Enquirer: 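Below is one structure. I have some questions about it.
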Amino acid sequence: LVLLILFVSYGNLAAIGLPAGAGLTKPISSFRRALLFPARLLLRSLLFAWGFHWIKVKGKRASAKEAPVIVPNHVCFIEPLYLVYANLPMSVGARATMMFPGTSAIHQLLQSIPLEKYKEPNVKESLYT
């Protein structure tokens, strides 16, 4: 619980001064991107505290040029945490989950793309911009 609070607090501190929706229109600065690396260590510590001492990965990791998109199985909430730790990816998620007070700053730093879940199936209309 302490690590989770520390992770969320660090995300909020790193996002100070970012306007709402800053990651949607242009990339965040390299300084803000560098602030994410300590968050990776906090995430790994959190996974370790939850009992994930060693995470075995099968296969060979492809470069970003070979595979620019990661499509996870997403069975539980642990997989997104590991993916953020391992890759610092940009994600797509429901807009409602990105508005939680504790995690909204982290989503903004990761430049998550909010998706309006209950709109028409047209992709252009359902992306919240």
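On a predicted model such as this, the values are computed, not experimentally measured, just so you know.
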Enquirer: Look at the side-chain heavy atoms of Ile, Leu, Val, Met, Phe, Trp and Tyr, link any pair under 4.5 Å apart, and say whether Val2 and Leu46 land in one connected group.
Expert: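 No, no single cluster joins them.
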
Enquirer: Do you know which two heavy atoms are closest between Arg44 and His53, and how far apart they sit?
Expert: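 Result for this residue pair: NH2-O, 2.9 Å.
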
Enquirer: Hydrophobic clusters here meaning ILVMFWY residues chained together by side-chain heavy-atom distances under 4.5 Å, can you tell me if Leu41 and Leu47 are in one?
Expert: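 No, Leu41 and Leu47 fall in different hydrophobic clusters.
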
Enquirer: Assigning hydrophobic clusters by single linkage (Ile, Leu, Val, Met, Phe, Trp, Tyr; side-chain heavy-atom cutoff under 4.5 Å), is Phe48 placed with Leu42?
Expert: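 Looking at the clustering, Leu42 is in a separate group from Phe48.
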
Enquirer: Treating Ile, Leu, Val, Met, Phe, Trp and Tyr as nodes and any side-chain heavy-atom pair under 4.5 angstrom as an edge, say whether Val57 and Phe52 lie in one connected cluster.
Expert: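 In one cluster with Val57: Phe52, yes.
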
Enquirer: Identify all side-chain donor-acceptor contacts of residues 78-90 below 3.5 Å with residues at least two apart in sequence or on another chain.
Expert:
{"unit_1": "Glu79", "atom_1": "OE1", "unit_2": "His74", "atom_2": "N", "d": "2.8"}
{"unit_1": "Glu79", "atom_1": "OE1", "unit_2": "Val75", "atom_2": "N", "d": "2.5"}
{"unit_1": "Asn87", "atom_1": "OD1", "unit_2": "Arg61", "atom_2": "NH2", "d": "2.5"}

